[in-house]
Amino acid sequence: MNASFHKVALPVPLRTTFTYAIPEYLRDSAQPGSRVLVPFRKKSLVGVIVGFADSVPQRTKVREIAKVLDIVPALTPKLIELGQWIAGYYLAPIGEVFRAMLPPLTELKTQRLAVLTQAGRDATESLSGGELSHGLTAQEASFLEKLKEKKGAWSVALAMKFAGNANALQRLQRLGLIEIRENIQGTKRKIQRVIAWKASGNAHADGALAEKEKKVRTLLETERGPLPLPQLLKLAEISRALVERMLRDGLLESWEEPLDPAEDPFDAGYEPPAHELNAEQETAFGAVRARFELGEFGVLLLHGVTGSGKTEVYLRAVQETLARGKTAIILVPEIALTLWIGRQCRAWFGARFEGVAVLHSTLTDVERAREWWRVRNGEARVVVGTRSAVFAPLQNLGLIIVDEEQENSYKQEETPRYHGRDVAIVRAKLEGATALLGSATPSLETYHHARNGKYELLTLASRVENRSLANVEIVDLREDFRQTHQTSPISAKLHAGIQECLAAGTQALVLINRRGYSWSVLCRSCGASVQCANCSISMTYHKSRNRLECHYCGSVQPVPKECPKCQSKYVYFFGEGSEHLEERLRKEFPGARIARLDRDTARTKRQYQETLGAFAAGALDILVGTQMLAKGHDFQRVTLVGVVSADSSLSLPDFRAAERTFQLLTQVAGRAGRGELPGRVLIQTYYPEHYAIQDAVKQDYASFFEREMHFRRLMAYPPFTSLANVIVRDTSLEKAIRWARTLSEYFSPRDEKGVRILGPAAAPLARLKKEHRFQFLVKSPKRSVLTKLLSGALSFCDVKEIPQTAVLVDMDPLSLL
Ligand code: ADP
Ligand code: ZN
Ligand code: ZN
């Protein structure tokens with residue numbers, strides 16, 4: 001091992017790390033996990049050190065690391081290990097894996113703070129008793145005392161000045177008396193002034209003043225305890241001048257406290273529900289605790305019907321984890337859910353003592369970086385977030401919860417194509433922690449593992465307080481059409497149902513699976529549909545923005561007045577999306593208060609909060625939206641859920657279509673009747689006979705599982721086999737074909753016992769973002785065989801000089817498009 005060369009992962013689409021030399025003066029600060037600035041070709045790139053290089057490339061000249069960016073390595077050793085596992089398992093470029101794990105590179109400067117540790121505080125205590133512990137020099141001792149006076153934190157630059165030199169700081173750090181932390185500038189917490197009653201003060205004996213003083217005293221001593229100044233002024237109805245006077249008189253004392261960084265107006269007035277666990281929850285929680293007692297890695301599946309109170313079990317599990325001095329991550333599938341669960345966590349675990357951090361993609365880079373470093377610095381011990389929060393840099397991790405583990409949103413559909421749930425399990429394994437997966441409709445893979453004993457199965461079979469599951473009815477759209485001869489996406493039955501809700505003053509959710517106004521623009525003359533210029537997919541019409549958008553590559557076009565192919569004037573819009581549905585609902589129910597929630601209306605955290613908050617508070621009657629409404633929400637006054645088109649997901653060329661449809665419908669049904677009012681669900685469909693729909697109507701997971709497993713076994717699909725989708729792509733059709741042919745030279749002879757290879761064939765999405773795409777489906781019952789075969793394929797591509805970016809491996813794909 002040679003400590004003067006480091007392996008650095010760089011954000012380039014190549015499957016290797018790069019070796020850099022480390023100049024003498026940087027040697028102490030460069031550690032595995034530190035981000036570094038390095039020269040790469042003609043640029044400078046930020047990468048991360050992932051280990052020491054044991055050999056140095058012979059032919060090329062090794063360049064030097066220019067700068068070490070983190071004094072505290074951004075990544076913990078376990079996270080480096082995790083990143084390496086991901087790169088290996090998903091055959092992903094290692095630099096891109098680490099880029100996904102690192103905090104955003106904000107232009108903000110980080111500030112380094114020297115912070116007094118508990119041991120440091122203890123040492124200063126004994127100093128004031130005249131003792132020099134730890135073999136401290138007098139100068140070091142006086143440094144510690146000064147640091148303590150400065151509230152225990154100094155910028156490193158300042159600390160350096162007082163300590164004399166860098167070595168002195170390092171020595172104190174080694175002794176564990178101080179810690180160096182990274183702070184994102186601008187994270188300086190807001191300070192508030194807190195006022196308390198000073199027991200030693202002498203109050204006025206009588207008069208008007210005495211009355212006021214008494215009031216303040218009662219408030220601060222018995223009723224509320226120390227209060228922030230503005231609150232005191234309001235509650236005691238006194239002037240600021242009086243407080244100042246009482247401070248001077250020694251009746252009060254004051255100090256400064258940071259405002260809670262996680263304080264959120266969303267939290268104002270929020271009281272978390274507090275429930276005694278019911279018998280089923282108690283049993284499940286008991287099993288979680290028993291697992292903690294074992295103190296080793298394990299996976300638990302909490303299979304609980306919708307409304308069975310899984311969240312309550314999660315929160316207890318987190319509480320138990322914290323009580324054991326460990327940290328926890330809660331992964332949720334939707335940004336909107338981070339808001340709910342985040343708020344519950346802050347209420348349960350109090351931001352000040354067990355800081356809660358929330359990580360998701362609508363945070364600005366600055367916010368995300370700040371939350372990230374709070375976690376890294378140990379200021380937050382609970383992290384709530386979406387997929388990438390699985391990389392939260394917690395130490396001493398005890399628990400990872402994956403709520404709604406079956407959700408597609410856990411799968412990243414761009415490089416690195418990892419699955420958040422599977423990474424969570426691997427991380428738990430590396431850290432000796434517990435993974436707790438929860439769902440009403442577990443993925444087939446997960447339930448399969450739970451049944452064969454690989455995971456421990458915990459069950460919540462009934463809703464809390466024995467509430468009944470919603471009553472699900474099918475609306476056969478063929479029948480509806482025969483009777484009404486209308487093609488409105490809102491059937492007569494759904495219309496009547498909503499009417500009833502409005503009359504009763506309860507709420508309705510209406511779901512549609514596509515956003516936009518119309519998802520196809522067709523020419524009546526020649527039949528052509530308007531396609532994206534970059535993708536083989538039709539453009540979606542967005543009425544309010546008055547343009548066509550491609551939902552795959554984001555490109556836009558003006559709305560055509562005539563057919564781009566034949567110039568006929570007869571273009572028409574076809575296939576209704578959420579924007580259109582909202583418009584219809586407004587027309588059909590003019591008095592109702594209606595809002596829409598989808599990726600077009602909710603682009604920021606505030607927009608989510610406003611809409612969801614308004615709906616939860618009863619300020620809305622109907623909420624229409626895409627599947628983001630289906631997941632996890634606990635709206636108590638919803639009595640009707642309508643699903644406008646249950647079929648569109650069934651017809652996709654995808655072996656998971658039935659599973660996805662069943663899960664979505666069951667989840668949706670779970671949003672109705674969660675409070676004291678019973679719920680009703682209307683599913684509109686053209687295929688009422690399909691087993692995915694039939695089982696969803698009965699909300700019968702076991703039945704669906706059996707039928708679907710039968711089909712998967714017959715067709716040799718997961719969980720009976722491991723599957724990978726290999727895509728060969730290029731903007732030039734000719735090159736894409738050539739490379740697909742070349743790659744099939746490698747695959748064809750290997751299509752034999754134990755391995756099945758289909759392809760090359762044009763991918764269902766034959767063109768995407770200007771690239772032509774061909775695919776191979778590779779299956780093997782043995783995962784290790786598959787991994788070896790694919791890594792062989794990639795090496796083969798290197799030999800044949802197929803560019804690495806042209807071949808994309810999607811391991812355990814969720815979608816075969
Ligand atoms: P799930 O995630 O399983 O669908 P939730 O965790 O959202 O269900 O809980 C559903 C509702 O039941 C919530 O309003 C929650 O406050 C309430 N709840 C949870 N546990 C209990 C309990 N033991 N007794 C009564 N109500 C409960
Ligand atoms: Zn035409
Ligand atoms: Zn496109």
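Counting starts at 1 for both ligands and their atoms, following the listed order.
The shortest N or O to N or O distance between Gly307 and ligand 1 is below 3.5 Å. Every N/O-N/O distance between Arg467 and ligand 1 stays at or above 3.5 Å. Between Arg671 and ligand 1, no pair of N/O atoms sits closer than 3.5 Å. Between Val464 and ligand 1, a contact under 3.5 Å exists for no N or O pair. The shortest N or O to N or O distance between Thr306 and ligand 1 is not below 3.5 Å.
One finds no salt bridge joining Arg316 and Glu320 here, because no Lys/Arg side-chain nitrogen approaches an Asp/Glu carboxylate oxygen to under 4.0 Å. Using a 4.0 Å cut-off between a side-chain N of Lys or Arg and a carboxylate O of Asp or Glu, Glu413 and Arg387 do not qualify as a salt bridge. A salt bridge does not link Arg514 with Glu579: none of the charged nitrogens is closer than 4.0 Å to a carboxylate oxygen. The pair Arg773-Asp730 does not count as a salt bridge, with every side-chain nitrogen at least 4.0 angstrom from each carboxylate oxygen.
Contacts with ligand 1 closer than 4.0 Å are made by side-chain heavy atoms of His275 only, the backbone lying farther away.
Each of the following atoms of ligand 1 lies closer than 4.0 Å to a heavy atom of Gly309: 1 (P), 3 (O), 5 (P), 6 (O), 8 (O), 9 (O), 19 (C). Short contacts between ligand 1 and Gln636, defined as distances under 4.0 Å to a heavy atom of the residue, involve ligand atoms 14 (O). Listed by number with element, the atoms of ligand 1 under 4.0 angstrom from any heavy atom of Glu276 are 22 (C), 23 (N). Residue Glu465 has at least one heavy-atom neighbour below 4.0 Å for each of these atoms of ligand 1: 25 (C). Those atoms of ligand 1 that come under 4.0 Å of a heavy atom in Asn278, given as number and element, are 23 (N). Here is the list of ligand 1 atoms found below 4.0 Å of a heavy atom in Val305: 3 (O). Those atoms of ligand 1 with a heavy atom of Thr311 less than 4.0 angstrom away are 2 (O), 5 (P), 6 (O), 7 (O).
Test Glu407, Gln667, Gln699 against Thr441 for side-chain hydrogen bond (donor to acceptor under 3.5 Å, both in side chains) and you get one pass: Gln667.
At a threshold of 4.5 Å between non-hydrogen side-chain atoms, the residues Asp700 and Gln694 do not count as touching.
Take the Zn ion (ligand 2) as the corner point: the lines to SG of Cys523 and to SG of Cys526 open at 110°, to the nearest 10 degrees. Note: angle at the Zn ion (ligand 3), from SG of Cys535 to SG of Cys532, is 110° (rounded to 10 degrees). With the Zn ion (ligand 3) at the apex, Cys550 SG and Cys553 SG define an angle of roughly 110° (rounded to 10 degrees). Between Cys563 atom SG and Cys566 atom SG, the angle centred on the Zn ion (ligand 2) amounts to 110° (nearest 10°).
By the 4.0 Å heavy-atom criterion, Gly670 is excluded from the residues contacting ligand 1.
A ring-centre distance under 6.0 Å is not found for His542 and Tyr517. Aromatic ring centres of Tyr455 and Tyr447 lie farther apart than the 6.0 Å criterion allows.
Side-chain contact annotation: Gln406 with Thr446, donor-acceptor N/O pair under 3.5 Å absent.
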Practice item. Evaluate the side chain to side chain donor-acceptor pair (under 3.5 Å) criterion for residues Arg547 and Gln557: first the C-alpha distance (whole Å), next the side-chain angles of each, then the deciding distance (0.1 Å), finally the verdict. Key: CA-CA 6 Å; Arg547 64 187 194 193; Gln557 290 179 24; over 6 Å; no
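Annotation: cation-pi pair Arg524/Tyr572 present, NZ/CZ under 6.0 Å from the ring centroid and within 45° of its normal.
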